[in-house]
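Here's the structure, in structure tokens; my notes come after.
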Amino acid sequence: MTMIPSKTLTNGVEMPYLGLGVYKMTEPEVALQAMVKALEVGYRAIDTAALYNNETEVGEAIRQSNVAREEIFVTTKVWNTDQGYDETLRAFETSLKKLGLEYVDLYLTHWPVEGKFVDTYRAIERLYEEKLIRVPGVSNHHIHHLEKVFAKANVKPMVNQVELQPYLAQEELRAFCKENDIAVTAWSPLGQGRVLEDAVITDIAQQLGKSTAQVILRWHYQNDVITIPKSVTPSRIEQNMQIFDFELSAEQMEKMNQLNKNQRFGSDPDNFDF
Ligand code: NAD
């Protein structure tokens with residue numbers, strides 16, 4: 001079975017470089033099957049959120065699998081309407097109950113809600129001090145959001161999960177995160193499936209005898225970026241983790257890097273209304 005390598009976070013915790021994203025897996029039976037399949041073929045990380053309404057299935061999949069809880073890295077997130085210090089502590093309790101777990105590996109502020117995200121992170125820090133989470137983090141934070149968080153935090157976020165795909169390479173944010181020991185996770189790493197037919201990526205995929213999804217996921221990995229591709233299709237779930245037995249050349253990496261056009265498929269963290 002393929003072993004997925006891990007990134008060592010700044011506090012020594014190992015976070016798998018690739019996990020299953022489960023957004024829009026709303027049909028419980030479909031979600032459960034996808035998660036169980038992923039764990040069966042070697043995934044050791046699942047990325048959910050209170051918003052996704054499938055934390056119950058995440059817990060159920062872990063219990064149904066033959067994999068020990070400690071070997072699985074579970075991420076969840078506090079939704080925007082639950083932000084603020086006390087609200088976040090309460091939201092976490094609800095998530096933990098739905099998951100049916102004793103701790104969460106990584107807990108994230110889902111979006112930087114103006115006037116609230118700093119307090120939200122302070123609550124996440126408290127959960128970390130209380131050992132209810134193994135890693136404190138954030139999502140959708142630009143550099144200026146991170147700087148506001150740093151000003152009030154004792155422990156910096158260790159992960160920032162942002163939209164990152166070939167057309168949105170996030171070079172400046174990645175460099176900033178690297179300087180500050182923050183691991184970067186790419187959400188919509190495959191651009192929600194909308195970059196899979198790109199001519200340059202297709203060409204590289206043909207050279208390597210791989211799929212375009214695999215080339216993109218490998219590009220992320222060689223850029224030291226963690227990915228959480230989503231699929232409910234068993235063959236794709238398997239295919240997406242088969243990226244650790246080949247390499248993109250420096251020239252192929254350069255071609256991939258040049259695809260950037262700062263194009264988002266999701267919302268800009270400076271301008272969202274949810
Ligand atoms: P993605 O880039 O992972 O693309 C998913 C789509 O690509 C699937 O629906 C499928 O149609 C297609 N696909 C997947 N594997 C494929 C393959 N091998 N071949 C062909 N097509 C394939 O997009 P996403 O679901 O938006 O993002 C992944 C995860 O990121 C989510 O499930 C969620 O966990 C997380 N996410 C987080 C945020 C956030 O605000 N933090 C926002 C969006 C998504």
Side-chain angles (χ1 to χ4, degrees), residues 15-27 30-31 34-35 37-38 41 43 45-55 57-58 61 73-81 83 95 105-113 117 120 124 137-142 145 157 159-170 173 183-198 201-202 205 210-220 225-243 263-274:
M15 176 169 182
Y17 265 106
L18 187 131
L20 184 71
V22 300
Y23 183 37
K24 294 194 177 150
M25 288 194 197
T26 43
E27 186 57 51
V30 175
M35 295 171 194
K37 171 74 187 176
V41 299
Y43 282 63
I46 299 180
D47 181 87
T48 185
L51 176 78
Y52 305 169
N53 206 18
N54 55 21
E55 288 169 312
E57 285 70 37
V58 172
F73 192 96
V74 178
T75 300
T76 191
K77 319 180 188 89
V78 52
W79 185 238
N80 300 350
T81 47
Q83 289 196 32
S95 283
D105 293 276
L106 173 62
Y107 198 46
L108 307 174
T109 308
H110 207 145
W111 288 83
V113 175
F117 67 94
T120 300
I124 293 176
V138 296
S139 180
N140 296 304
H141 280 40
H142 281 318
H145 296 118
V159 174
N160 187 15
Q161 180 183 125
V162 296
E163 182 180 352
L164 205 178
Q165 32 83 6
Y167 296 169
L168 180 71
Q170 300 271 27
L173 181 62
V184 173
T185 300
W187 66 250
S188 293
L190 302 173
Q192 303 170 358
R194 290 145 85 175
V195 298
L196 295 171
E197 273 154 35
D198 179 277
I201 306 175
T202 303
K210 298 288 169 184
S211 72
T212 52
Q214 288 173 315
V215 168
I216 297 168
L217 294 169
R218 179 73 203 185
W219 167 73
H220 283 293
V225 169
I226 296 160
T227 53
I228 45 172
K230 182 234 165 185
S231 179
V232 294
T233 310
S235 58
R236 287 177 175 172
I237 291 174
E238 275 198 74
Q239 179 200 121
N240 290 346
M241 68 174 281
Q242 305 302 333
I243 60 156
Q263 183 187 342
R264 291 178 186 276
F265 295 117
S267 296
D268 186 328
D270 273 335
N271 184 21
F272 61 97
D273 58 359
F274 44 81

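By convention here, the first residue in the shown sequence is residue 1. Indexing begins at 1, ligand by ligand and atom by atom, following the structure's order.
Taking 4.5 Å as the limit, every side-chain heavy atom of Gln214 sits out of range of all side-chain heavy atoms of Leu217. By the 4.5 Å heavy-atom criterion applied to side chains, Gln161 and Leu106 are not counted as neighbours.
The closest protein non-hydrogen atom to atom 29 (C) of ligand 1 is Ile228 O, 3.2 Å. Considering only non-hydrogen protein atoms, atom 40 (O) of ligand 1 sits nearest to Asn140 ND2, 2.9 Å. Nearest to atom 32 (O) of ligand 1 among the protein's heavy atoms is Tyr23 N, 2.9 Å. For atom 8 (C) of ligand 1, the closest non-hydrogen atom on the protein side is Lys230 O, 3.3 Å. Protein heavy atom closest to atom 42 (C) of ligand 1, with residue, atom name and distance, is Trp187 CD2, 3.2 Å. For atom 2 (O) of ligand 1, the closest non-hydrogen atom of the protein is Leu190 N, 2.8 Å.
Selection from Ser188, Ala186, Ala49 by nearest heavy atom to atom 24 (P) of ligand 1 gives Ser188. The heavy atom nearest to atom 17 (C) of ligand 1, out of those in Gln161, Arg236, Gln242, is found in Arg236.
Counted by atom type alone, Thr212 and Asp198 present zero donor-acceptor pairs between their side chains at under 3.5 Å. A donor atom on one side chain and an acceptor atom on the other are found under 3.5 Å apart for Glu55 and Ser95. With no hydrogens or angles considered, a side-chain donor-acceptor pair links Asp268 and His142 at under 3.5 Å.
Remark: ligand 1 atoms within the under-4.0 Å shell around heavy atoms of His110 are 39 (C), 40 (O), 41 (N). Those atoms of ligand 1 that come under 4.0 Å of a heavy atom in Tyr52, given as number and element, are 33 (C), 34 (O), 35 (C), 36 (N), 37 (C), 38 (C). Close approach of ligand 1 to Ala213 is summarised as follows: ligand atoms under 4.0 Å from at least one heavy atom of the residue are 17 (C), 18 (N). Interface atoms of ligand 1 facing Asp47, defined by a heavy-atom separation under 4.0 Å, are 33 (C), 34 (O), 35 (C). Numbered from 1 in the order shown, with element, the atoms of ligand 1 that lie under 4.0 Å from a heavy atom of Gly193 read 4 (O), 7 (O). Per-residue contacts place Ser139 under 4.0 angstrom from the following atoms of ligand 1 (heavy atoms of the residue considered): 39 (C), 41 (N). The distance from ligand 1 to the heavy atoms of Trp111 drops below 4.0 Å at these ligand atoms: 40 (O).
The two residues Arg264 and Pro269 have their closest heavy-atom pair at NH1-CD, 3.7 Å. In plain terms, the two heavy atoms of Ser231 and Met25 that are nearest each other are O-CE, 3.4 Å.
Between Asp47 and Lys77 there is a salt bridge, with a side-chain nitrogen of the basic residue lying less than 4.0 Å from a carboxylate oxygen of the acidic one.
The closest approach between any non-hydrogen atom of Ser211 and ligand 1 is not below 4.0 Å. Contact analysis puts Gly191 in contact with ligand 1, with a non-hydrogen atom separation below 4.0 angstrom. Heavy atoms of Phe265 stay at 4.0 angstrom or farther from ligand 1.
At under 3.5 Å, not a single nitrogen or oxygen of Leu196, backbone or side chain, sits near a nitrogen or oxygen of ligand 1. At under 3.5 Å, not a single nitrogen or oxygen of Pro229, backbone or side chain, sits near a nitrogen or oxygen of ligand 1. Taking only nitrogen or oxygen atoms, main chain and side chain alike, Gln239 reaches within less than 3.5 Å of ligand 1.
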* Evaluate side-chain contact (heavy atoms from CB on, under 4.5 Å) for Val215 paired with Thr202, printing each intermediate quantity in order. => CA-CA 9 Å; Val215 168; Thr202 303; over 6 Å; no

* Leu20 vs Met35, side-chain contact (heavy atoms from CB on, under 4.5 Å): CA-CA, chis, key distance, verdict -> CA-CA 8 Å; Leu20 184 71; Met35 295 171 194; 4.2 Å; yes

* To do: Test side-chain contact (heavy atoms from CB on, under 4.5 Å) on Val232 and Glu27 and set out the steps.
  => CA-CA 11 Å; Val232 294; Glu27 186 57 51; over 6 Å; no

* Would you sort out whether Phe272 and Asn80 count as a side-chain contact (heavy atoms from CB on, under 4.5 Å), showing the intermediate values? => CA-CA 11 Å; Phe272 61 97; Asn80 300 350; 3.8 Å; yes

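Of all the heavy atoms of Asn240, the ones lying under 4.0 Å from any atom of ligand 1 belong exclusively to the side chain. Looking at Leu108 against ligand 1, nothing comes within 4.0 Å, counting heavy atoms. When non-hydrogen atoms are compared, ligand 1 lies under 4.0 Å from neither the backbone nor the side chain of Val162. For Gln192, heavy-atom contacts with ligand 1 shorter than 4.0 Å involve the backbone as well as the side chain.
Without hydrogens or angle criteria, Asn54 side chain to Tyr23 main chain gives no donor-acceptor distance under 3.5 Å. Remark: the backbone N or O of Ser139 is paired with a side-chain donor or acceptor of His141 at under 3.5 angstrom. Judged purely by atom type and a 3.5 angstrom limit, Glu163 uses its side chain to pair as donor or acceptor with the backbone of Phe265.
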